[in-house]
There are 2 protein chains.
Amino acid sequence: MPEADPTPLSDHVAFLLGQLGFHTAYRFSDGLAPLGIGPRHFGTLRVLREHDGQSQQQLCETLGIHRNVMVGLVDELEKRGLVERRKHPADRRAHAVYLLPAAHDLLARAQRVVDGLESDLLREFDAADRATLLQLLQRLAATNGLEPGIHPGLSR
Amino acid sequence: MPEADPTPLSDHVAFLLGQLGFHTAYRFSDGLAPLGIGPRHFGTLRVLREHDGQSQQQLCETLGIHRNVMVGLVDELEKRGLVERRKHPADRRAHAVYLLPAAHDLLARAQRVVDGLESDLLREFDAADRATLLQLLQRLAATNGLEPGIHPGLSR
DNA sequence: TATTGTTATACTCTATAACTATA
DNA sequence: TATAGTTATAGAGTATAACAATA
């Protein structure tokens, strides 16, 4: 005789967040794949759009990615013609990373992936439920020390 | 001049789910570490508690884990004295995997990790908000084809 | 011929340390 | 002495294929 389940995992917010979080992360990654980039490239480009010409070290601190990994990311972005390493005006050890025009086109396409995922995910929800859910999740993120816009999955 | 951000990532349910999902998954994994097991061991033990004596193949199908990986998981669980491989009554190719008494103790301890994580995560939320959030997330999981209790992160 | 469990192999990722050139 | 970027190396993890025993 099987033991009675004390409380199903799907009655836990923590479990549902993990389940939905990995599901959406995989879908986002799959949606980005045709664009030839991964979530970390997207994150890096996005941070550069906020403030162009940052050093690799600054990007690392913002995104929580190790500097050794950032070398490869910028290599790949440079190879794809999306960013350019230039001389840093203030520190000759550092590289200043700048977005190239192609990056803006790509970011626009990535934005459509984000929007498509969002609307498909919430397709069964009306406006009121969407607003309630968004607000609760924002509060939950804030009360658990999560930085807005910074995805913990990028660092591991 | 930096471009205006079209819509912050943290205004997307999809992003918040990813952020919160990875955050809680890492916290859960860390909470389980002192018990000497990982999330996949936990999932396997949990499925066995529902129905003891399953074959490895059945466990794989339920959890979405490849059978090559399951070999190692059951090896580790057996080494830790948590499960036992016995002869399968109906199929001489298969092993029937059974929980040992130590597994029930460990599952009880793991349950405390789950409960502790849940209450800490929601510490700033009152009962009404918790209920609302739980219900919305359950609906979201259901409308997006997620099986109750099955974590997509276990398979990758 | 297909399936269960297992093993071997190669491939990808990650973590650590070390190196260089600057500060 | 410390920091930015880079490189090398080893370890973990993953995916693929192949194998023996059995269906």
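Reminder, nothing fancy here: chain letters follow the sequence lines and each chain counts from 1.
The shortest distance between side-chain heavy atoms of A:L59 and A:L73 does not fall below 4.5 Å.
Under the side-chain hydrogen bond (donor to acceptor under 3.5 Å, both in side chains) criterion, the residue pairs touching residues 123-136 of chain B are A:R139-B:D129, A:N144-B:R123, B:D120-B:R123, with sequence neighbours excluded.
Listed for the B:H151 side chain is a donor-acceptor partner under 3.5 Å among the backbone atoms of B:G153. A donor-acceptor pair is defined here as one N or O able to donate and one able to accept, closer than 3.5 Å; such a pair exists between the side chain of A:H12 and the backbone of A:P8. For A:E118 (side chain) and B:V13 (main-chain N/O), a donor-acceptor pair under 3.5 Å exists by modelled atom type. With B:R27 contributing its side chain and B:L117 its backbone, the two residues share no donor-acceptor pair below 3.5 Å. With A:H41 contributing its side chain and A:G38 its backbone, the two residues share a donor-acceptor pair below 3.5 Å.
The residues A:D75 and A:R85 are annotated as salt-bridged, a charged nitrogen and a carboxylate oxygen being separated by less than 4.0 angstrom. Salt-bridge check for A:R86 with A:E84: passed, with a basic side-chain N closer than 4.0 Å to an acidic carboxylate O.
Between the base of D:dT14 and the side chain of B:N68 there is no donor-acceptor pair shorter than 3.5 Å.
In the hydrophobic clustering (ILVMFWY side chains linked at under 4.5 Å, chained through shared members), B:F22 is joined by A:F22, A:Y26, B:Y26.
Atom CG of A:L20 sits about 9.5 Å away from atom CG of A:L137, to the nearest 0.5 Å.
For A:D75 and D:dG5, the CG to P distance is 12 Å, given to the nearest whole Å. Straight-line distance from the CZ atom of B:R92 to the P atom of C:dT3: 20 Å, rounded to whole Å.
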I'd like a table of atom pairs between the protein and nucleotides 9-12 of chain D - only N or O on both sides, under 3.5 Å - with the distance next to each one.
none

Any protein N or O atoms within reach of nucleotides 10-14 of chain C? Criterion: under 3.5 Å, listing atom names and distances.
| from | atom 1 | to | atom 2 | distance (Å) |
| --- | --- | --- | --- | --- |
| C:dT14 | OP1 | A:R156 | O | 3.2 |
| C:dT14 | OP2 | A:R40 | NH2 | 2.9 |

Tabulated below should be each protein N or O lying under 3.5 Å from an N or O of nucleotides 1-4 of chain D; please produce it.
| from | atom 1 | to | atom 2 | distance (Å) |
| --- | --- | --- | --- | --- |
| D:dT3 | O2 | A:R93 | NH1 | 2.5 |

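Under the 6.0 Å cut-off for aromatic ring centres, B:F42 and B:F28 qualify, their centroids lying closer than that.
The two residues B:D52 and B:L99 come nearest to each other via the heavy atoms OD1-N, 2.9 Å.
Contact check of residues 77-89 of chain A against DNA chain D (heavy atom, cut-off under 4.0 Å) returns A:R85.
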